[in-house]
Amino acid sequence: MLGIENSSSLESYKPVFEPQPCLLLYILKVSGELVSVAHALSLPAESYGNDPDIEMAWAMRAMQHAEVYYRLISSVDPQLLKLTKVDDQIYSEFRENFEKLRIDVLDPEELKSESAKEKWRPFCLKFDGIVEDFNYGTLLRLNCSQGYTEENTIFAPRIQFFAIEIARNREGYNKAVYTSVQDKEEEKGANNGETGADSGGEEEKGANKEGEKEKTDKGGEKEKA
């Protein structure tokens with residue numbers, strides 16, 4: 001299985017996700033939410049501070065993580081992906097605690113309301129020390145059939161991102177992204193093939209015309225002789 005940590009393997013792939021300037025501004029605008037996430041998980045929020053450089057670094061890292069992940073699910077069948085070393089545990093715990101949570105199109109209230117936070121908090125803390133940077137602010141898509149846009153993106157702790165995306169992969173919801181990108185690639189390849197065939201046909205017609213002209217010229221010369 002392929003893992004998200006093996007981002008170097010994606011270098012040969014063409015970018016399918018272009019980070020948007022408005023999305024970066026959105027990330028910076030809600031950077032305070034990152035601190036709220038850390039605080040909600042009982043970590044010293046003051047250790048993150050409000051330094052603009054730190055906020056920019058967080059924003060850029062979140063965008064890079066989103067780009068790598070979107071390339072993965074666009075280039076490889078998502079059901080073959082392994083995002084962490086403990087995918088099975090995360091998925092099992094997630095569905096045990098959130099059995100009926102709809103994950104193809106997320107309702108932000110199911111993640112951000114006070115009652116939802118109370119339910120998510122013990123789940124997240126369970127992976128402290130198991131998943132690296134388990135509480136790190138990460139971009140999460142609301143509608144799994146769409147990409148990372150301002151309207152389709154919210155911040156979530158990394159373990160929450162892993163739980164939902166592992167479930168989306170295993171339950172087949174992220175297949176929509178993969179299929180859409182592959183269909184576009186095939187269509188593009190077919191169009192290029194048709195263009196090449198047309199070009200070859202034109203060259204063949206040109207060669208035939210030249211041959212016919214040459215025969216006509218030779219025939220005329222024989223008649224004169």
Donor-acceptor contact below 3.5 Å, side chain [X] vs main chain [Y]:
X: R141; Y: Q146; value: yes
X: S180; Y: A176; value: no
X: T179; Y: K175; value: yes
X: W120; Y: S115; value: no
X: Q182; Y: D77; value: no
X: N169; Y: Q79; value: no
X: N152; Y: N143; value: yes

Are the side chains of [X] and [Y] in touch, meaning some heavy atoms are under 4.5 Å apart?
X: I164; Y: L106; answer: yes
X: Q89; Y: T84; answer: no
X: L142; Y: P108; answer: yes
X: L81; Y: I166; answer: no

Got a salt bridge between [X] and [Y], using NZ or NE/NH1/NH2 to carboxylate O under 4.0 Å?
X: E110; Y: R102; result: no
X: K112; Y: D107; result: no
X: R168; Y: E165; result: yes

request  = Evaluate the side chain to side chain contact (heavy atoms under 4.5 Å, CB included) criterion for residues F98 and E93: first the C-alpha distance (whole Å), next the side-chain angles of each, then the deciding distance (0.1 Å), finally the verdict.
outcome  = CA-CA 8 Å; F98 302 94; E93 294 277 359; over 6 Å; no
request  = Assess whether side chain to side chain contact (heavy atoms under 4.5 Å, CB included) is satisfied between T138 and F162, documenting all intermediate values.
outcome  = CA-CA 10 Å; T138 306; F162 279 139; over 6 Å; no
request  = Please say whether the positively charged group of R61, taken as NZ for Lys or CZ for Arg, lies over the ring of Y136, i.e. under 6.0 angstrom from the six-membered ring centre and within 45 degrees of the axis.
outcome  =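 Positive - R61 is close enough to the ring of Y136 and near enough to its axis.
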Atom [atom1] in [X], atom [atom2] in [Y]: separation rounded to 0.5 Å?
X: H65; Y: M60; atom1: NE2; atom2: CE; result: 14.5 Å
X: K117; Y: S113; atom1: NZ; atom2: OG; result: 8.5 Å
X: F123; Y: F94; atom1: CZ; atom2: CZ; result: 7.0 Å

Determine the minimum heavy-atom distance between [X] and [Y], stating which atoms define it.
X: L140; Y: A156; result: CD2-CB, 4.1 Å
X: Q160; Y: L111; result: NE2-CD2, 3.8 Å
X: L80; Y: V76; result: CB-CG1, 4.4 Å
X: P78; Y: I73; result: CG-O, 3.8 Å
X: F155; Y: A62; result: CE2-CB, 4.2 Å
X: V177; Y: S74; result: CG1-OG, 3.5 Å

request  = Take R95 and K100, measure what side chain to side chain contact (heavy atoms under 4.5 Å, CB included) needs, and give me the verdict at the end.
outcome  = CA-CA 8 Å; R95 275 313 187 195; K100 297 181 179 180; over 6 Å; no
task = Apply side chain to side chain contact (heavy atoms under 4.5 Å, CB included) to the pair R71 and E67, showing each step before the final yes or no.
result = CA-CA 6 Å; R71 285 185 183 184; E67 180 178 6; 2.9 Å; yes
key: Joint cluster assignment, I103 & V105, ILVMFWY side-chain distance < 4.5 Å   =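 No.
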message = Would you say Y178 ends up clustered with V68 if hydrophobic residues are merged whenever their side chains have heavy atoms under 4.5 Å apart, either directly or through other cluster members?
response =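 V68 does not cluster with Y178.
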message = Would you say the ring centers of F161 and Y69 fall short of 6.0 Å from each other?
response =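 Ring-ring flag for F161/Y69: true, centres closer than 6.0 Å.
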